[in-house]
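What follows is a set of notes on a single structure, which appears directly below.
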Amino acid sequence: HYIYQSAVSDTIQLRGRIRLYGGFDGSESDLAQRHPAQRTILDGRDSGLNNRVYHVLRGASQTLIDGFDVREGLAIGAAADERGAGLLLDSHDQVVVRNCHFVDNTAAALAAAIAIQRSHALIVQSRFVNNDTTLANSGAGAIAIDDNASATIGSSEFHGNQSQLVGGALIVSGANSSLVVHRSQFAQNTANSFSGAIHSEPNTQLLVSNSSFSRNQAEQGGALYINSPHSATLENTEFDANTGTFGGAIYAFGGPVALD
């Protein structure tokens, strides 16, 4: 399904307390008949592939998104329209993203795939591939958690996401923001300056467990850059072949980091 119809502001506006399922070919009569290999594509372009919308999806409270490929959003507007090209959460939204792929989304400022601001997201069994914020001097190639926001990410994959400045895959920033990551893989994500995979700003909370980081790259903190956290904990997590001039795997300062 092509999202762009007549304007860059075209989007799918989610509604509260709605469950949105993809993965059907049209022959099913029951949710249980979905096939995992059947992908429903939400493409931010028009049918001629000439134009792209700012946001493929915009969130709402208590919403589930399950079984979609979200691709080709282009958030290059102003304010909120320069972040969250795949999915924008900015109004105290609470969203569950499950079994979704975010691919080839681009943002001018922050969070090419999902921007989470003053909201909460649970993201499971999903993939984030080749999303980028290389158009501007900002960050979070895939996801940004900012301004009293939180995210829990489980059993997901981040591959080949890029950032011009910080957080090739993820950024958590703003007081009272938190990020929990478990059983996830980060590979070949890059940032030109800080944190090839995950960037943690001051006074945030970060927990990473049972995850792996391989071949991520940045000038400082090839995989992780942790700056003055409220708390930061890494449990049973592997780092392999990440590269950085300072801190090939982890660059941390200004606060305690617990390693287990």
Side-chain angles (χ1 to χ4, degrees), residues 1-26 34 38-123 126-136 138-147 149 151 161-164:
H1 178 72
Y2 293 107
I3 307 304
Y4 186 103
Q5 300 298 313
S6 61
V8 293
S9 59
D10 293 339
T11 189
I12 295 177
Q13 176 64 63
L14 302 172
R15 295 185 178 182
R17 301 178 184 275
I18 292 294
R19 297 182 176 185
L20 190 64
Y21 292 98
F24 300 95
D25 64 16
R34 287 196 307 168
Q38 182 72 36
R39 308 299 303 177
T40 298
I41 297 174
L42 302 178
D43 193 313
R45 298 172 294 186
D46 61 12
S47 58
L49 310 183
N50 296 312
N51 301 287
R52 297 166 70 183
V53 297
Y54 289 152
H55 315 286
V56 177
L57 295 158
R58 296 192 68 146
S61 185
Q62 300 183 47
T63 301
L64 169 68
I65 310 163
D66 185 328
F68 291 92
D69 282 12
V70 180
R71 57 178 64 233
E72 298 289 353
L74 182 63
I76 55 171
D81 290 334
E82 60 182 0
R83 63 182 65 195
L87 170 62
L88 177 65
L89 308 176
D90 65 348
S91 300
H92 304 283
D93 302 316
Q94 298 178 34
V95 173
V96 176
V97 177
R98 185 170 64 203
N99 187 32
C100 288
H101 298 172
F102 287 77
V103 182
D104 292 334
N105 298 285
T106 302
L110 197 66
I114 304 177
I116 306 166
Q117 188 172 33
R118 300 182 301 275
S119 301
H120 174 72
L122 171 61
I123 301 167
S126 294
R127 300 181 70 235
F128 297 82
V129 180
N130 295 338
N131 303 285
D132 73 79
T133 52
T134 59
L135 298 183
S138 194
I143 300 174
I145 302 101
D146 179 52
D147 190 10
N161 302 287
Q162 303 176 60
S163 165
Q164 177 70 18

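In this chain, residues are counted from 1 in sequence order.
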Mark yes or no for whether Q117, through its side chain, and I145, through its backbone, hold a donor-acceptor pair below 3.5 Å. no
For G77 against E82, the heavy-atom pair lying closest together: O-CB, 3.6 Å
Has the side chain of S91 got a donor or acceptor atom that lies under 3.5 Å from a matching backbone atom of A60? no
Looking only at heavy atoms, what is the nearest atom pair of D46 and L49, with distance? OD1-N, 2.7 Å
How would you list, by chain and number, every residue that makes a side-chain contact (heavy atoms from CB on, under 4.5 Å) with D43, sequence neighbours excluded? Y2, I41, R45, R71, E72
More than 12 heavy atoms of other residues, nucleotides or ligands under 6.0 Å from CZ of R39: yes or no? yes
Restricting to non-hydrogen atoms, name the atom on A85 and the atom on A75 that form the minimum distance, rounded to 0.1 Å. CB-N, 3.7 Å
Looking at side-chain heavy atoms only, is the closest gap between I123 and I143 below 4.5 Å? yes
Taking only residues two or more places apart in sequence or in another chain, which ones pass side-chain contact (heavy atoms from CB on, under 4.5 Å) with H1? I3, L42
Testing the basics here: between R98 and L64, what is the closest heavy-atom pair and its distance to 0.1 Å? NH2-CD2, 3.5 Å
Set of residues satisfying ring pair (Phe, Tyr, Trp, His ring centres under 6.0 Å) with respect to F128, sequence neighbours excluded: F102, F158
How long is the gap from CZ on R58 to CD on Q13, to the nearest 0.5 Å? 6.5 Å
Which pairs with one or both residues in residues 101-111 pass side-chain hydrogen bond (donor to acceptor under 3.5 Å, both in side chains), sequence neighbours excluded? D69-H101, N105-N131, T106-D132
Where is the tightest heavy-atom contact between G139 and S163, given as atom of each residue plus distance? CA-OG, 3.1 Å
Can you measure from OG1 (T133) to CD (Q162) and round to the nearest 0.5 angstrom? 9.0 Å
Residues at least two apart in sequence or cross-chain that pass side chain to side chain donor-acceptor pair (under 3.5 Å) with Q38, listed by chain then number, are none
Can you sort out the partners of D25 under side chain to side chain donor-acceptor pair (under 3.5 Å), two or more places apart, ordered by chain and number? S27
For residues 44-69, the ring pair (Phe, Tyr, Trp, His ring centres under 6.0 Å) pairs (sequence neighbours left out) are none
R34 side chain vs G22 backbone, donor-acceptor pair below 3.5 Å: yes
Min side-chain heavy-atom separation D66-R19 under 4.5 Å: no
I want to check something: taking the side chain as every heavy atom from C-beta on, are V97 and L87 in contact at a cut-off of under 4.5 Å? yes
Could I get the full list of salt bridge (Lys or Arg N to Asp or Glu O under 4.0 Å) partners for D147, not counting sequence neighbours? R118
Taking all non-hydrogen atoms of both residues into account, name the closest pair between G67 and C100 and its distance. N-SG, 3.7 Å
Please round to the nearest 0.5 Å and tell me the distance separating atom CG of L14 and atom CG of L20. 6.5 Å
Side-chain contact, heavy-atom cut-off 4.5 Å: R83 with D146? yes
Report yes or no: does T63 contribute a side-chain atom to a donor-acceptor pair with the main-chain N or O of V95 at less than 3.5 Å? no
Would a 4.5 Å heavy-atom cut-off, applied to side chains only, mark T40 and Y21 as touching? no
Can you list everything that forms a side-chain contact (heavy atoms from CB on, under 4.5 Å) with D10? Sequence neighbours excluded, please. Q5, S6, A7, V53
Is the side chain of S119 donor-acceptor paired with the backbone N or O of Q94 at a distance under 3.5 Å, no angle test? no
